[in-house]
Q: 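Below you'll find the structure I mean.
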Amino acid sequence: MPGVKALEPLWSQRLNDCIISAAFSSDGRYLAAAEISGKLVIFDARLGQRLREIPAHGFGITSISWRPGTAELATAGQDGKARLWSATTADKLAELACGAEWVEKLQFSPSGLYLATSAGKKLRLWSHTGELLLAAPDHSSTIADLEWMPATARFPGDVLAYCGYGGLVFLKPGQAQGYKSFEYKGSMLKIRWSPDACFIGTGNQDASIQFFVLPEGVDGPSRDLVMWGYRSKILDMAWDPQSRYLATSGSSTIIIWNCGGKGPAGSKPDMLDFHMRLISELAWQSSGPLLASGCEEGLLALWRPGKASKPLATAHLGAPISQIQWAPGDQTFLAASEDGALNLYAIEQIK
Amino acid sequence: MNPSSSRVPVTVLTGFLGSGKTTLLNRILTEEHGKKIAVIENEFGEIGVDQDLVINAEEEIFEMNNGCICCTVRGDLIRILGNLMKRREKFDHILIETTGMADPGPVAQTFFVDDEMQQRLKLDGIVTLVDAKHIWQHIDDAGEAKEQIAFADVIILNKADLVAPADLDRLEARIRSMNAAARLYRAQNAQIELDHVLNMGGFNLDRALELDPKFMEPEYPFEWGGIYSFTPGTYTFQVGPGPDPEMDIVLEPAAGASEEDLRNAIEKAISRDFVTIPCPVRHTFTISEPGHYALFTQHHPDEFAASIEGIEPLVTREFKPDHEHDEEVSSVGITTPGDLDSKRFNSWMSELLQNRGTDIFRMKGIVSIAGRPERFVFQGVHMLFDGRPDRPWGAEPRRNQLIFIGRNLDREALQKGFLRCLA
């Protein structure tokens, strides 16, 4: 494509299996990548050197989460367990029995005090040291995703949202079960809070997304609307740093909804075309204007939505993109693939 | 869409509690078959083997569209299988065990409704284990037992050793009347050739026909027929006790002792008045004209240890019985030569599925589309339909074979509707 640069990685590594999850520690020093078949690899994020390899779960890892402000991280596995690890020593710090065999999701709260895990219908809350704080009553369906509310000055405190068939549930540490819910007659697969915590987007199995507008935060009044017409179920979504735009997958076109003013109701979304197959990953910078996207064909694209309708730069990883994440500071981002490629790119290259 | 060959086959294992699912799974996992198999067992599953590739799932069933049972799927499967298919270590086969009371519909539909599943996996078959001794307790009352039988591609009558052969025959006839397309095997302790369970090739209708050539036939009021050569005299038809206190029989002159003569005698025999004899009995009859005669019996003689004393049949044939009908669940088979007008066939099919999709559990077919050199094969679950071109017809005569399995099916309407699609 004329005028589109080729992205060249700062460093490139290859793991032995699909990288199901990859993430930077909050200080940006470490990059953890999880092979779907169970191995966790810790890299020096700047140099790309392998520091440690941890056989974290026998049959497979499903997700990972760094504890904010530390070099500790948690892994969830297909062996009924979540485990806490030290990235500096590779020591196992704790092992948590999550109540069912397929532990699908886990995430540390922004405060770093709590860890939420989901396994089938079981949601559990743990202290950061691995002490069980709550085994919530079985959810009505298997839990497909969970995400903590972002930390904001306006809405302090940790609030967890989790979803599945039937809707979205909110839970605060210290409570015996979810205290609030939004029902939906369908299966929600993904939750994405906006950075200001005034919106939640959910991506649904029935090829729709749902917005919950929460101008006063999760405890205030709310309204919601559903956007239909996607080609496929929604694999990923990403908010821009101003909480105005939500980029969504669900086809080979990136569809970006404008939530400014009374939007997105009645607004026409921005549509970015480049990918030829289903978009699998979307990641917006945490404070900048750039959006990175990846698709099932293995194409990676960097965009500046609102300024240009074609990508600024692209690369081809050769296998479906399984993870994209910006490093703290927004200067680099990682892209990982289903055949084990792990590349780090710098935006300096496209300036 | 990927060609079907590159998609990983999935077998769904259903059956009531105690039917032997876990025994079969354990066998599959421990036997040397050279296949790499991943098993997704139900939340109460108890596979005894220390096996890495066994995943325990909580059966999450939901409707993709409000209120439409044809679009209920297993959400947990979509996520678990989606994950499995990304692994470098590829599986040759995936086995999914359902809980005893599960309706197989949502599991099967999962492979039609979700794009990702459809691209990477194919439903190879639904295997239903039946506890031959205890199924009678459920077959009339529990809708799930009927559905598990109706949905099956393969039905294993397990614990066959605990049941008298005549009862097993009766059970088999009953099951056949509900699902004529499934392959039926008798087993004890779930001992069955794994080839019968894995890699059935989904809608391999050719094979279903090979194994049960009777299933497309009209139904006759008798289960058995045989041609005898009589000289004038008096004969005794000796009948022992059996599952029925009486039996209808008819004797019809035949032109000779070939299979064709037996076939020709059938049509004449149907229009005759049958004689009802009590069982057990020694029924005597007299032959005045020498020659060949065909005897047709309502029940299979083996069930009653029945025979004509002092004389053996020269040719025999078994027929699909019509007296064990399930009032609700049945199969309708259509087989006819000729080419289909693709437009007419599509519109008939879509109208049929729209109106009757809830009642049609399964359908399978191989059809000949006018102007297309290759066979078109399809299978469906409720309203969902997966069809694709298959190998070329080549020298094989072009024809259409379809089977519908469902509740309250109107045989005549289905046949008429289909015949109108011929080009």
Q: Taking the side chain as everything from C-beta on, heavy atoms only, tell me whether D17(A) gets closer than 4.5 Å to K86(B).
A: no
Q: Test side chain to side chain contact (heavy atoms under 4.5 Å, CB included) on I80(B) and E104(A); report intermediate values, then the result.
A: CA-CA 9 Å; I80(B) 290 173; E104(A) 199 163 348; 5.8 Å; no
Q: With rounding to the nearest 0.5 angstrom, report the CH2 to CD1 distance, W102(A) to I40(B).
A: 7.5 Å
Q: When you compare the side chains of Q78(A) and N83(B), does any donor N or O come within less than 3.5 Å of an acceptor on the partner?
A: yes
Q: Please state whether the side chain, the backbone, both or neither of I19(A) comes within less than 4.5 Å of a heavy atom of chain B.
A: neither
Q: When rounded to the nearest 0.5 angstrom, what distance separates CZ in R79(B) from NZ in K105(A)?
A: 8.5 Å
Q: For chain A, find which of E89(B), E116(B), R87(B) contributes the most heavy-atom pairs closer than 4.5 angstrom.
A: R87(B)
Q: Salt-bridge test for E338(A) and R120(B): reply yes if a basic N is under 4.0 Å from a carboxylate O, no otherwise.
A: yes
Q: Tell me if the CD atom of E31(B) is crowded by more than 12 foreign heavy atoms within 6.0 Å.
A: yes
Q: Specify which of L278(A), L189(A), T62(A), I143(A) makes the most heavy-atom pairs with chain B at under 4.5 Å.
A: I143(A)
Q: Check each atom of D339(A) against the heavy atoms of chain B and say whether the ones under 4.5 Å are side chain, backbone, both or neither.
A: both
Q: Using heavy atoms and a sub-4.5 Å threshold, report which of residues 230-237 of chain A line up against chain B, by residue number.
A: R231(A), S232(A), K233(A)
Q: Which answer fits A144(A), side chain, backbone, both or neither, if we ask what part of it has an atom under 4.5 Å from a heavy atom of chain B?
A: both
Q: Just verifying a value: how many Å separate E41(B) CD and E101(A) CD, rounded to the nearest 0.5 Å?
A: 7.0 Å
Q: Return yes if some donor-acceptor pair links the side-chain N/O of R88(B) with the main-chain N/O of C18(A) below 3.5 Å, else return no.
A: no
